Peer 1: 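Shown below is the structure under consideration.
None of these values were measured; they are calculated from a predicted model. Just so it is clear, the values below take in all heavy atoms, side chains as well, and ignore hydrogens, waters and symmetry mates.
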Amino acid sequence: VLGGAANDLWQLPLSGTNENQWAPLKVTGQSPPHRSAQDQPDPGVYEAAGRRLLLFVRANSFPASPSDVSALWQLTLDEPLTWSVVPVTGGGPSSATSLALDEEGRRLFAIGDGVWSMSLDAPNTWSFVSQIPGNYGGATSRAVLVFDEVGRRLIVSDMSNGAPGGEGVWTLSLDTNEWTQLDVRGHVVGAATAFDRQRDRLIQLGGDQGGHIAVVPLSTGIWENAST
């Protein structure tokens with residue numbers, strides 16, 4: 001977990017002597033810019049093959065200088081843990097609210113001012129994939145993105161920016177580049193989202209659900225409270 005008043009990094013071991021005990025991590029190099037508690041967190045994703053954390057750091061609303069622009073950062077998880085900016089060629093997204101990883105295809109997806117993809121192998125290059133569907137002004141400020149490797153599609157939850165009619169779940173086929181709005185009833189905005197491939201369902205935690213967990217099987221399209 002990255003952030004807080006100190007903009008530091010913490011880990012929670014899930015096994016071993018320190019199981020379920022939070023502890024700070026010692027990191028070298030310059031850290032990504034600090035976000036205040038009121039700011040929307042920068043989206044990140046873990047790349048297992050590269051043993052690194054990828055973080056899309058959005059530019060400030062009022063840049064201090066022309067160089068204060070959005071950038072992709074990486075944290076190597078082999079000692080010494082080190083932050084650095086990923087060198088990227090060409091243009092790319094100016095903002096992103098969520099990232100998703102296609103490990104087999106070696107590419108990163110981002111959603112914000114449209115949907116973008118980036119090759120994970122050098123040279124790292126962003127490519128524009130698709131506009132945001134519907135009447136959302138070509139951008140979204142809170143959509144959540146997940147990758148379905150079996151269905152070869154991106155699944156997006158809530159692109160409304162708070163506007164009526166934007167609720168629900170959409171999919172983007174990576175074969176046809178066509179958007180489809182799924183028949184999902186109810187409106188859930190989660191702080192964190194995952195896709196359960198075996199059960200073909202979305203799982204969301206937090207957000208307007210407080211500390212609860214909500215799930216929606218894509219076969220039924222009905223949100224359910226899964227908290228115990």
Side-chain angles (χ1 to χ4, degrees), residues 1-61 63-65 67-88 92-93 95-112 116-124 126 142-147 149 190-196 203-207 209-213:
V1 177
L2 171 69
N7 199 35
D8 49 3
L9 192 71
W10 290 69
Q11 67 174 349
L12 179 67
L14 301 179
S15 61
T17 305
N18 299 318
E19 180 179 358
N20 295 332
Q21 297 181 34
W22 284 104
L25 287 171
K26 184 178 180 181
V27 179
T28 62
Q30 179 183 356
S31 297
H34 179 256
R35 293 284 180 199
S36 70
Q38 291 74 33
D39 288 336
Q40 182 180 6
D42 291 315
V45 69
Y46 170 61
E47 184 202 352
R51 285 193 48 76
R52 61 178 177 169
L53 173 68
L54 296 171
L55 185 72
F56 187 95
V57 178
R58 305 183 314 278
N60 293 331
S61 299
S65 69
S67 62
D68 188 9
V69 297
S70 298
L72 187 69
W73 287 67
Q74 65 180 355
L75 175 68
T76 57
L77 298 180
D78 292 320
E79 298 290 345
L81 278 67
T82 305
W83 280 110
S84 62
V85 176
V86 177
V88 176
S95 65
T97 64
S98 185
L99 304 178
L101 199 63
D102 174 8
E103 292 248 27
E104 184 176 340
R106 302 291 301 151
R107 54 185 172 171
L108 174 73
F109 292 99
I111 188 167
W116 294 75
S117 69
M118 190 198 77
S119 58
L120 291 175
D121 299 316
N124 305 114
W126 284 108
R142 66 185 195 186
V144 178
L145 180 70
V146 293
F147 173 63
E149 60 187 18
T193 300
F195 180 56
D196 181 352
I203 304 172
Q204 292 195 336
L205 168 67
Q209 298 300 294
H212 298 294
I213 298 173

Peer 1: Which distance, rounded to the nearest 0.5 Å, do you find between the CE of Met118 and the CZ of Phe109?
Peer 2: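 That separation rounds to 11.5 Å.
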
Peer 1: Testing the basics here: between Ser70 and Phe56, what is the closest heavy-atom pair and its distance to 0.1 Å?
Peer 2: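 Closest pair (atom of Ser70, atom of Phe56, distance): CB-CZ, 3.8 Å.
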
Peer 1: Side chain of Glu103, backbone of Ala48: donor and acceptor closer than 3.5 Å?
Peer 2: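 Side chain of Glu103 to backbone of Ala48, a donor-acceptor pair under 3.5 Å: yes, one is there.
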
Peer 1: Can you name the nearest heavy-atom pair linking Ala110 to Ala96, along with the distance?
Peer 2: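 Nearest pair, atom of Ala110 first, then Ala96: CB-CB, 4.2 Å.
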
Peer 1: Quick check: closest heavy atoms across Leu12 and Asn20, and the distance to 0.1 Å?
Peer 2: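 For Leu12 versus Asn20, the nearest heavy atoms are CD1-C, 3.3 Å.
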
Peer 1: Can you tell if the side chain of Tyr46 reaches within under 4.5 Å of the side chain of Leu77, non-hydrogen atoms only?
Peer 2: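 Side chain of Tyr46 against side chain of Leu77, heavy atoms only: contact under 4.5 Å found.
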
Peer 1: Please lay out, stage by stage, how Val57 and Val85 fare under the test side chain to side chain contact (heavy atoms under 4.5 Å, CB included).
Peer 2: CA-CA 10 Å; Val57 178; Val85 176; over 6 Å; no

Peer 1: With side chain to side chain contact (heavy atoms under 4.5 Å, CB included) as the test, would you mind laying out the steps for Val144 and Thr97 before giving the verdict?
Peer 2: CA-CA 7 Å; Val144 178; Thr97 64; over 6 Å; no

Peer 1: Any idea which heavy atoms bring Pro32 and Leu55 closest together, and the distance?
Peer 2: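 Result for this residue pair: CG-CD2, 3.8 Å.
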
Peer 1: Is the backbone of Asp102 close enough, under 3.5 Å, to the side chain of Arg107 for a donor and an acceptor to pair up by distance?
Peer 2: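 Pair absent, no side-chain N/O of Arg107 close to backbone of Asp102.
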
Peer 1: Rounded to the nearest 0.5 Å, what separation is found between the CG atom of Asp78 and the CZ atom of Arg52?
Peer 2: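 Output value for this atom pair is 12.0 Å.
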
Peer 1: Take Trp83 and Leu75 through the test side chain to side chain contact (heavy atoms under 4.5 Å, CB included) and record every step on the way to the result.
Peer 2: CA-CA 5 Å; Trp83 280 110; Leu75 175 68; 3.7 Å; yes

Peer 1: Are there over 12 heavy-atom neighbours, none belonging to Gln30, within less than 6.0 Å of that residue's CD?
Peer 2: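 Check fails, neighbour count at 12 or below.
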
Peer 1: Could you check whether atom CD of Glu104 has more than 12 heavy atoms from other residues, nucleotides or ligands sitting under 6.0 Å from it?
Peer 2: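 Count not over threshold, so no.
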
Peer 1: Just how far is it from atom CG of Leu101 to atom CG of Leu120, taken to the nearest 0.5 Å?
Peer 2: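 The distance works out to 5.5 Å.
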
Peer 1: So how far is it from Asp8 CG to Lys26 NZ, rounded to the nearest 0.5 Å?
Peer 2: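 Rounded to the nearest 0.5 Å, the CG-NZ separation comes out at 14.5 Å.
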
Peer 1: Taking the side chain from Ser119 and the backbone from Trp126, do they hold a donor-acceptor pair closer than 3.5 Å?
Peer 2: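 Side chain of Ser119 to backbone of Trp126, a donor-acceptor pair under 3.5 Å: no, none is there.
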
Peer 1: OG of Ser98 to CG of Asp42: how many Å apart, nearest 0.5 Å?
Peer 2: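 It comes to 12.0 Å.
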
Peer 1: List for me each residue that meets salt bridge (Lys or Arg N to Asp or Glu O under 4.0 Å) alongside Arg106, sequence neighbours excluded, and say none if there are none.
Peer 2: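 Checked Arg106 against salt bridge (Lys or Arg N to Asp or Glu O under 4.0 Å); matches are Glu47, Asp121.
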
Peer 1: Got a second to check how far Leu72's CG is from Leu99's CG, nearest 0.5 Å?
Peer 2: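 Leu72 atom CG to Leu99 atom CG measures 7.5 Å (nearest 0.5 Å).
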
